Number of protein chains: 2
Amino acid sequence: MILLIHAIVRIKMSQNNLDAIDRQILTILQRDARLPNTELADEIGLTPAPTLRRVRRLEEEGIIQRYVALLDHKKVGRGLLVLVRVTLDKQTRQGFNDFATQMQARPEVLECYLCLGDIDYLLKVSMPDLDAYQHFLVNTLAAIPGVRNTASTILVKQEKYTTSLPLE
Amino acid sequence: MILLIHAIVRIKMSQNNLDAIDRQILTILQRDARLPNTELADEIGLTPAPTLRRVRRLEEEGIIQRYVALLDHKKVGRGLLVLVRVTLDKQTRQGFNDFATQMQARPEVLECYLCLGDIDYLLKVSMPDLDAYQHFLVNTLAAIPGVRNTASTILVKQEKYTTSLPLE
DNA sequence: CATGAATGAGCAATATCATTGCGCGAATGC
DNA sequence: GCATTCGCGCAATGATATTGCTCATTCATG
């Protein structure tokens with residue numbers, strides 16, 4: 001029983017109580033996920049063994065969700081980025097779920113958010129060019145039942161892009 | 001001289017001519033950047049040596065830009081995501097550069113785009129909570145000279161988030 | 001205070017993995 | 001058809017990750 005309470009306390013704490021070393025690790029791995037553990041250990045001033053154990057713990061706790069490679073959009077033929085604001089017709093819960101499910105299935109939709117305000121959904125869509133986007137808009141988005149209105153904004157220049165969250 | 005021409009041709013081709021194996025590699029590494037080279041080799045049906053050489057080539061060509069760890073926003077105390085539309089006052093080139101530069105320096109601004117349409121800039125901002133966001137809006141954004149107007153949209157639920165570009 | 005439990009670091013041995021040079025075969029150009 | 005290029009596989013080497021163990025430090029408790 002006491003063990004259980006201890007376990008609960010530890011889980012709760014571990015989700016928010018990152019110590020300075022944890023934050024260092026996360027900051028570095030957000031910048032370079034492939035840094036060898038030995039070098040990571042050097043940078044934070046620990047030996048490789050405890051460093052690796054901390055990384056594994058952060059992974060298991062889901063604080064580190066995954067490691068990904070970021071590609072050059074233009075060089076893989078996806079130079080066009082569009083933000084789409086979508087308004088749905090009937091604001092029933094079912095309609096919302098359907099829409100989100102369809103967006104999850106479309107690989108060109110990189111991000112999809114339910115949002116507050118005068119619109120319902122926000123999409124970030126990756127496309128090769130305007131032709132392809134127009135095709136997506138007409139044949140995919142507008143074809144979804146319940147979509148009342150869409151407004152597109154072409155993101156001309158990416159001034160900043162990072163996936164790194166600041167860790168106080 | 002002929003060597004130079006060859007080099008130029010190869011660079012140009014390499015930027016767009018990804019073969020099927022390259023695309024397989026990129027697709028996998030976009031999903032799991034830490035997959036050991038031996039397993040990557042298994043999945044694509046090559047031996048480790050040529051697999052690694054392809055990965056290195058993709059890195060050198062800048063097709064793979066970098067490897068990053070993605071964190072759980074809530075678990076690191078950044079549960080609030082906001083999209084901000086910014087309109088600038090004077091649309092001189094200098095004003096635009098200044099704004100972009102300031103955004104690049106702010107760690108809570110994850111993305112910043114110059115865009116077409118009725119607004120000038122789009123920001124994706126990561127925040128701990130509404131208090132912090134209000135502070136950012138008043139003391140940081142509104143304090144920048146040239147910012148005429150801002151409109152914020154709170155992204156309530158992340159239905160989809162991926163950094164993986166589809167590779168035809 | 002002293003003491004015992006718990007947490008987390010370091011060390012060292014082992015297993016896994018990355019890296020490189022070399023030879024071979026298939027595709028390409030002349 | 002022959003030479004050249006390109007990219008694969010093999011094998012040896014070096015680097016790196018991983019694990020069990022021991023020890024120091026901290027913190028709660030008698």
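Proteins get letters first, then strands, A, B, ... in listed order; numbering begins at 1 in each. No experiment lies behind these values; they were computed from the predicted model shown.
Using a 4.0 Å heavy-atom cutoff across all strands shown, A:R56 reaches sugar-phosphate atoms only and no base atom.
Regarding A:L40, its CG atom lies at a distance of 13 Å from the P atom of C:dA9, rounded to whole Å. In this structure, the CD atom of B:Q24 is 15 Å from the C1' atom of D:dC8, given to the nearest Å. Regarding B:E43, its CD atom lies at a distance of 13 Å from the P atom of C:dC17, rounded to whole Å. In this structure, A:R54 places its CZ atom 17 Å from P of D:dA17, rounding to the nearest Å. Remark: P of C:dG8 and CG of A:D19 are 8 Å apart, rounded to the nearest angstrom. If you measure from atom CG of B:D42 to atom C1' of D:dG9, you get 14 Å, rounded to the nearest angstrom. Residue A:E59 contributes atom CD, which lies 12 Å from atom C1' of D:dA17 at whole-angstrom precision. Here C:dC11 presents its C1' atom at 13 Å from CG of A:L46, a figure rounded to the nearest Å.
The pair B:R66-A:D32 does not meet the salt-bridge criterion, since no charged nitrogen lies less than 4.0 angstrom from a carboxylate oxygen. Using a cut-off of 4.0 Å between Lys/Arg side-chain N and Asp/Glu carboxylate O, A:D72 and A:R78 are scored as not salt-bridged. Salt-bridge formation is not detected for the pair B:R56/B:E60: no Lys NZ or Arg NE/NH1/NH2 atom is positioned less than 4.0 Å from an Asp or Glu carboxylate oxygen. Ion pair B:K157/B:E159 flagged as a salt bridge, since at least one NZ, NE, NH1 or NH2 atom sits closer than 4.0 Å to an Asp/Glu carboxylate oxygen.
Taking the nucleotide of DNA chain C with the nearest heavy atom to each of B:L35 and A:T47, the more 5' of the two is matched to A:T47.
Ranking C:dA18, C:dC11, C:dG21 by closeness to the A:R53 side chain, first place goes to C:dC11. The side chain of A:L52 lies closest to D:dT18, out of D:dC8, D:dT18, C:dG10. Closest approach to the A:N37 side chain among C:dC17, D:dG7, D:dA17 is made by D:dA17 (side chain taken as heavy atoms from C-beta onward). Relative to the side chain of B:P36, the nucleotides C:dA18, D:dT16, C:dG10 differ in distance, and C:dA18 lies closest. Of the candidate nucleotides D:dG9, D:dT16, C:dA12, C:dA12 has the atom lying nearest to any side-chain atom of A:A49.
Taking the six-membered ring for Trp and the full ring otherwise, B:Y113 and B:Y121 have centroids separated by 6.0 Å or more.
For B:R57 against D:dG7, no side-chain N or O and base N or O form a donor-acceptor pair under 3.5 Å.
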